[in-house]
Amino acid sequence: MATSSSEGDDLRDRSQQPALASQQVKESETQRRRGFGNMFPLGAKEGFNQWWTSLSPAMTEHRVLSFIPLLQKPPTHTETGSAPVSASNSTTNVSSQDGEQLEQVTTNSINDPHGPRRWSSQMVHLSGKNRALNEFSIERIGEPVEQNLVMLHGYGAGLGFFYKNFEGLSRAEGWKLYALDMLGMGRSTRPKFEVHAKERADQVTEAENWFIDALEEWRVKKKLERFTLLGHSLGGYLAVAYALKYPGHLNKLILASPVGIPEDPYAVNAAMPEPEDSTMANEFLQDQNEAINNSNPNATKPGDNNNFLNARSKAAKSSSGTSTPSSSEPPRKPLPGWLVYLWDKNISPFSLVRWSGPLGPRLVSGWTSRRFSHLPDDEAQALHDYSYSLFRQPGSGEYALGRILAPGAFARSPLIRRIQGVGRQYIGPHSGPIVDADAPKDTKCHKTSKKQVESAAPSITASDPDGPRVRETGIPIVLMYGEHDWMDIAGGYAAEEKIKQERARLLADASEEEKRNDHGSAKVVIIHKAGHHVYLDGPEQFNQVMLEEMRDVMRKERIRTLKDGISAAES
């Protein structure tokens, strides 16, 4: 029987006699022997077998997607970018055929009360050498596609992690869903990741562009003019970057536990200490089953800076989102020099998995055993196999993390400095995810000289600087966090406040018509009993929130289309 915290304190208080030295040595030795097994629970023999058989990413993705309700046989194309050769024969028709251009694989739902729906899997090839994105899509048969939802996963993950969301979200009438593996991750191709810039700020921009340029090329190839973008964790960070560099294509931005919003002054400097308020270590150490079972949304945890009940007050202390230590606080403990060195040298956690050979599956089990502990055993096993098959792929997009984030998951170019520009950019090509400055007041956003364009918005690459300049009129932004999220929820509230302040500033002298036509808004949503992976930990509430946001998009886009039609008729 588990002992409660208070009972444990009472027991310790009543125990006045210290243990004998021999007993202490024996207990310490037993704990030492159990330590590795507790942290990495997969047995050595089973781990060796997983390493030796080396299931292909296509097979493991197929297995995960088989848990989607109403989809008895998920479509899985067999091309995987840069996948290692499997040592075992495939037991299904899903096998590795690297380097071949394969046709789209489709299937329909079986006995579908919410359909019928068509599910598709394909590799979308882009320009350049070894550049292609793995795509999984769902569309409703017999209905016109009015809106599109694009879903981006987090660091090192893959589109299969959304398996609990695909069926529920695709019930929305008039919508088509796309889930993508980001370039260099998942089953997408893994071109060599290189950064040529010398300055740190330029390195961040170059790393961001590496991902979002591929997303934009995919959008153009799929002929999507406007869409709703959902990004989780690093995918959320890159979704913001995409919105800034490629304005005019989003009708809503949904950020699920996005990384990189708060500003930490330590993270942008060379000496990078251990963060107190938001630490990536919790992603590996937090047991999700324990977090869910011990959930109490009405209890304020002392000293818990991530608790959503006190996150607003924390954010109010610093509307800029900056985590600045007070003079009374002790200095933070620096990270070990070797860890900073490995981080800056792009030695990723997945490098350790690849280098460890037969120990790789055991190392991965240290994360999967905690992260998926709340799931049924067969689903948890499928996700473990899927994760290991992805982690052991050749390194590529994972190496961008050291350029974008400092050790501890704080951004080198924090989004709190830029998120107010989402939905407020000048329409046109940009050199990077940089916020456009206001145009000179005397230009009123009409024709401007080349000099005025460069001074007002240096991030724009203007092909026609003397033409009229049109600025976005805002887009709704939703920030979702888990109740037990290791990401700093206060950063979300600070971002919400900054977005609202920017809207108020821009509309201070606007006409009533301009105010009515502005679409900018921001809000924070908490998913109860969920951790960082809100879509997987609390799928029911997550799907409900998403469906409501999708209905909101549908309503507003129909009104916008009607207004555009009336304006065109009048002109």
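Side-chain contact between S351 and E398 is present, with at least one heavy-atom pair separated by less than 4.5 Å. Contact of the P74 side chain with the I68 side chain is not registered, since no non-hydrogen atoms from C-beta on lie closer than 4.5 Å. You'll find the side chain of M480 reaches within 4.5 Å of the side chain of I254, heavy atoms only. Counting heavy atoms from C-beta on, the side chains of K222 and N148 never come closer than 4.5 Å. Contact annotation: the side chain of I404 never approaches that of V259 to less than 4.5 Å [non-hydrogen atoms, C-beta and beyond]. You'll find the side chain of L169 reaches within 4.5 Å of the side chain of M151, heavy atoms only. Looking only at side-chain heavy atoms (C-beta outward), D488 and I261 stay at 4.5 Å or farther from each other. Put simply, the side chain of I527 does not reach to within 4.5 Å of the side chain of D537, judged on heavy atoms.
Remark: R140 CZ to K176 NZ distance equals 13.5 Å, nearest 0.5 Å. Put simply, CZ on R226 and NZ on K252 are 12.0 Å apart, with the number rounded to the nearest 0.5 Å. Interatomic distance, CZ of F227 versus CG of N251, reported as 8.5 Å (0.5 Å rounding). Note that OH of Y237 and CZ of F211 are 10.5 Å apart. Values are rounded to the nearest 0.5 Å. Separation of atoms CE (M554) and CG (L547) is listed at 11.0 Å; rounding is to 0.5 Å. Remark: M487 CE to S233 OG distance equals 4.5 Å, nearest 0.5 Å.
Between E216 and K245 there is no salt bridge, since no side-chain N of the basic residue sits under 4.0 Å from a carboxylate O of the acidic one. Classification of R558 and E146 as a salt-bridged pair holds, one side-chain N sitting under 4.0 Å from a carboxylate O. Between R505 and E502, at least one side-chain nitrogen of the basic residue sits less than 4.0 Å from a carboxylate oxygen of the acidic one, meeting the salt-bridge criterion. Residues K498 and E263 are not paired through a salt bridge, judged by the lack of any N-O separation under 4.0 Å between the basic side chain and the carboxylate. The pair E548-K523 fails the salt-bridge criterion, with no side-chain N (NZ, NE, NH1 or NH2) lying under 4.0 Å from an Asp/Glu carboxylate O.
Side-chain atoms of R418 come within 3.5 Å of backbone atoms of P433 as a donor-acceptor pair (strictly under, hydrogens ignored). Remark: the backbone N or O of W119 is not paired with any side-chain donor or acceptor of T107 at under 3.5 angstrom. In this structure a side-chain-to-backbone donor-acceptor pair under 3.5 Å is missing from Y386 to V64. With hydrogens and angles ignored, the 3.5 Å screen pairs a side-chain donor or acceptor of E472 with a backbone N or O of G248. In terms of modelled atom types and a separation under 3.5 Å, the side chain of R131 and the main chain of T189 share no donor-acceptor contact. With hydrogens and angles ignored, the 3.5 Å screen pairs no side-chain donor or acceptor of E139 with any backbone N or O of R118. Judged purely by atom type and a 3.5 angstrom limit, R503 has no side-chain atom pairing as donor or acceptor with the backbone of A522. A distance-only check finds no donor-acceptor pair linking the side chain of S188 to the backbone of G184 [under 3.5 Å]. Of the possible polar contacts, one joining the R412 side chain to the G402 backbone as a donor-acceptor pair under 3.5 Å is found.
Less than 6.0 angstrom separates the ring centroid of F166 from the ring centroid of F136. A centroid separation of less than 6.0 Å is found between the aromatic rings of W218 and Y178.
The heavy-atom pair separating P57 from L390 by the smallest distance is CB-CD2, 4.2 Å. Minimum heavy-atom separation, R187 to E79: NH2-O, 2.9 Å. Across every non-hydrogen atom of Q420 and I416, the tightest pair is OE1-O, 3.7 Å. The two atoms that bring S120 and Q104 nearest to each other are OG-NE2, 3.5 Å, heavy atoms only. For the pair T76 and A58, the tightest heavy-atom approach, listed with the atom from each and the gap, is CG2-O, 3.5 Å. A pairwise comparison of heavy atoms in W210 and P191 identifies CZ2-CG, 3.6 Å as the closest pair.
In this structure, a donor-acceptor pair under 3.5 Å is present between the side chains of Q501 and E497. Y246 and D213 share a side-chain donor-acceptor pair at under 3.5 Å. Defined by atom type and a distance below 3.5 Å, a donor-acceptor pair is present between the side-chain atoms of S257 and D485. For the residue pair E135 and Q122, a side-chain donor N or O sits within less than 3.5 Å of a side-chain acceptor on the partner.
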Check: Checking side chain to side chain contact (heavy atoms under 4.5 Å, CB included) for the pair V422/I499: CA distance, chi angles, key distance, verdict?
Finding: CA-CA 8 Å; V422 172; I499 293 167; over 6 Å; no
Self-check item: ring pair (Phe, Tyr, Trp, His ring centres under 6.0 Å) evaluation trace for Y535 with F161
Solution: CA-CA 9 Å; Y535 58 91; F161 278 54; 7.1 Å; no
* Check the pair K221, E217 against salt bridge (charged side-chain N to carboxylate O under 4.0 Å, His left out), reporting the backbone distance first and the verdict last. => CA-CA 6 Å; K221 195 160 189 176; E217 188 176 350; over 6 Å; no
| task | Apply the test side chain to side chain contact (heavy atoms under 4.5 Å, CB included) to residues Q425 and V435: give CA-CA distance (whole Å), side-chain angles for both, the deciding distance (0.1 Å), then the verdict. | result | CA-CA 7 Å; Q425 299 285 82; V435 177; 4.1 Å; yes
I489 vs I526, test: side chain to side chain contact (heavy atoms under 4.5 Å, CB included). Steps then yes/no. CA-CA 9 Å; I489 301 174; I526 304 299; 4.0 Å; yes
* Going through the checks in order, is the side chain to side chain contact (heavy atoms under 4.5 Å, CB included) test met by L234 and M185? -> CA-CA 12 Å; L234 181 64; M185 296 184 185; 3.9 Å; yes
(message) Does D202 form a side-chain hydrogen bond (donor to acceptor under 3.5 Å, both in side chains) with H196? I'd like the steps, not just the answer.
(response) CA-CA 9 Å; D202 296 333; H196 303 285; over 6 Å; no
Could you go step by step and tell me if K556 and D552 meet the salt bridge (charged side-chain N to carboxylate O under 4.0 Å, His left out) rule?
CA-CA 6 Å; K556 291 179 178 178; D552 178 66; 3.3 Å; yes
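Residue R471 forms a salt bridge (Lys or Arg N to Asp or Glu O under 4.0 Å) with just one option from D438, D518, D436, and that option is D438.
Ring geometry, H532 versus H232: the interplanar angle falls from 30° to 60°, so the pair is classed tilted.
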